[in-house]
Amino acid sequence: MTNMEMSQYLGAFLDESTENLQNLNDLLLSLEKSRSDDGCVNEIFRIAHTLKGMSSTMGFEVMAHLTHAMEDMLDLVRKGQFALRDEDISILFKCLDALTAMVEAIRGGGDDHTPEGESLPKALHARISAAQASGKAARGREEEKRAVMSDQEREWILEAKEQGMDVFEIRVALDPSCMLKAARAYMVVSRAGELGEIIRTVPPVEELEKE
């Protein structure tokens with residue numbers, strides 16, 4: 001975008017950004033009271049997405065980077081992969097303050113370069129990484145718990161061996177990109193059941209049906 005074009009659209013950019021930030025403030029106040037409000041989360045995501053697009057188009061890359069980081073966190077919240085905590089709401093309010101300061105600096109003839117513009121995206125991604133690591137550890141503990149055989153399962157295995165039967169542990173992995181994972185998993189379990197008696201599956205069949 002040329003300087004002339006940027007000057008032509010700058011007023012509209014500032015007005016729209018200010019309006020979006022006012023709405024963002026109201027939405028964050030609502031989200032602080034009710035973090036399970038999906039409509040509120042979706043609207044905040046929409047505003048972050050809008051601000052990212054506008055600032056990137058105008059060449060304000062620091063602002064675009066910050067709103068992109070907000071978008072990353074909020075997208076995980078929308079997908080149920082991230083639960084907002086007090087510190088997350090606090091960071092989002094700091095993002096609002098930083099974006100407001102950027103817009104005012106631009107309005108005064110400056111630019112969007114601020115220390116917060118560099119530090120806040122890192123803080124957002126650090127929170128995302130910490131939550132994902134915690135979730136992965138919890139899933140690992142649950143899988144370890146499932147992997148421990150019950151006394152009944154051990155008894156079945158011993159009985160099978162005493163009767164001259166072979167006991168196998170079979171591991172099956174589906175390609176992450178394949179379609180109809182639940183149907184494919186069911187077919188594997190069904191076929192294995194035709195070949196012999198299944199002592200158990202990990203995860204349980206009920207969870208396999210949910211992909």
Side-chain angles (χ1 to χ4, degrees), residues 1 5-139 176-177 210-211:
M1 183 178 293
E5 288 174 325
M6 184 172 178
S7 176
Q8 180 180 355
Y9 293 111
L10 184 59
F13 165 77
L14 292 170
D15 290 343
E16 289 186 35
S17 294
T18 299
E19 181 180 350
N20 275 296
L21 291 174
Q22 289 171 346
N23 291 336
L24 179 59
N25 180 68
D26 294 338
L27 289 164
L28 286 176
L29 290 172
S30 297
L31 188 63
E32 192 174 30
K33 297 176 182 176
S34 177
R35 295 174 199 173
S36 59
D37 189 339
D38 292 339
C40 188
V41 171
N42 287 332
E43 190 61 19
I44 293 173
F45 175 86
R46 185 196 66 79
I47 288 176
H49 181 73
T50 299
L51 290 171
K52 181 190 74 173
M54 291 195 304
S55 56
S56 180
T57 300
M58 295 295 294
F60 299 121
E61 295 302 325
V62 177
M63 186 174 179
H65 185 52
L66 175 54
T67 46
H68 193 175
M70 293 172 65
E71 198 178 36
D72 288 341
M73 174 183 280
L74 293 164
D75 191 38
L76 291 177
V77 175
R78 295 197 310 166
K79 293 175 179 177
Q81 299 174 7
F82 185 91
L84 290 170
R85 298 184 180 183
D86 290 342
E87 51 265 48
D88 303 314
I89 301 294
S90 177
I91 291 175
L92 289 173
F93 270 112
K94 289 178 182 178
C95 291
L96 170 63
D97 292 340
L99 292 169
T100 301
M102 289 178 190
V103 169
E104 290 308 309
I106 294 168
R107 193 187 302 277
D111 56 35
D112 60 339
H113 289 81
T114 65
E116 294 78 13
E118 299 293 334
S119 62
L120 285 172
K122 294 178 181 178
L124 287 165
H125 286 133
R127 287 291 305 132
I128 293 171
S129 297
Q132 289 176 332
S134 176
K136 185 179 293 184
R139 289 192 296 273
S177 64
K210 299 175 184 177
E211 298 196 358

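For residues 88-104, every residue pair satisfying the side chain to side chain donor-acceptor pair (under 3.5 Å) rule, not counting sequence neighbours, is listed here: Asp88-Arg127. Under the ring pair (Phe, Tyr, Trp, His ring centres under 6.0 Å) criterion, no residue pair touches residues 14-55, with sequence neighbours excluded. Listed by first and then second residue, the salt bridge (Lys or Arg N to Asp or Glu O under 4.0 Å) pairs that reach into residues 26-39 are Arg35-Asp86, sequence neighbours excluded.
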Practice task
Take Ile44 and Val41 through the side chain to side chain contact (heavy atoms under 4.5 Å, CB included) test and state the conclusion after the steps.
Solution key: CA-CA 5 Å; Ile44 293 173; Val41 171; 5.8 Å; no

Practice task
Give the C-alpha distance, both sets of side-chain angles, the deciding distance and a yes or no for side chain to side chain contact (heavy atoms under 4.5 Å, CB included) between Ser55 and Asp112.
Solution key: CA-CA 10 Å; Ser55 56; Asp112 60 339; 6.0 Å; no

Exercise for the section: Show your reasoning for whether side chain to side chain contact (heavy atoms under 4.5 Å, CB included) applies to Phe93 and Leu24. Expected result: CA-CA 9 Å; Phe93 270 112; Leu24 179 59; over 6 Å; no

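No donor-acceptor pair under 3.5 Å is formed between the side chain of Ser34 and the backbone N or O of Leu31.
Put simply, CD1 on Ile91 and CE on Met73 are 5.5 Å apart, with the number rounded to the nearest 0.5 Å. Asn42 CG to Asp75 CG: the interatomic distance, rounded to the nearest 0.5 Å, is 9.5 Å. Residue Asn23 holds its CG atom at 11.0 Å from OG1 of Thr18, rounded to the nearest 0.5 Å. The CZ atom of Phe60 lies 5.5 Å from the CG atom of Leu10; values are rounded to the nearest 0.5 Å. Leu124 contributes atom CG, which lies 7.0 Å from atom CG of Leu66 (distance to the nearest 0.5 angstrom).
Tested against Asn20 for a side chain to side chain contact (heavy atoms under 4.5 Å, CB included), the candidates Asp15, Asn25, Leu51 yield a single pass: Leu51.
Of all heavy-atom pairs spanning Lys52 and Ala64, the tightest one is CG-O, 3.7 Å. In this structure, Met102 and Gly117 approach most closely via the heavy-atom pair CE-CA, 3.7 Å.
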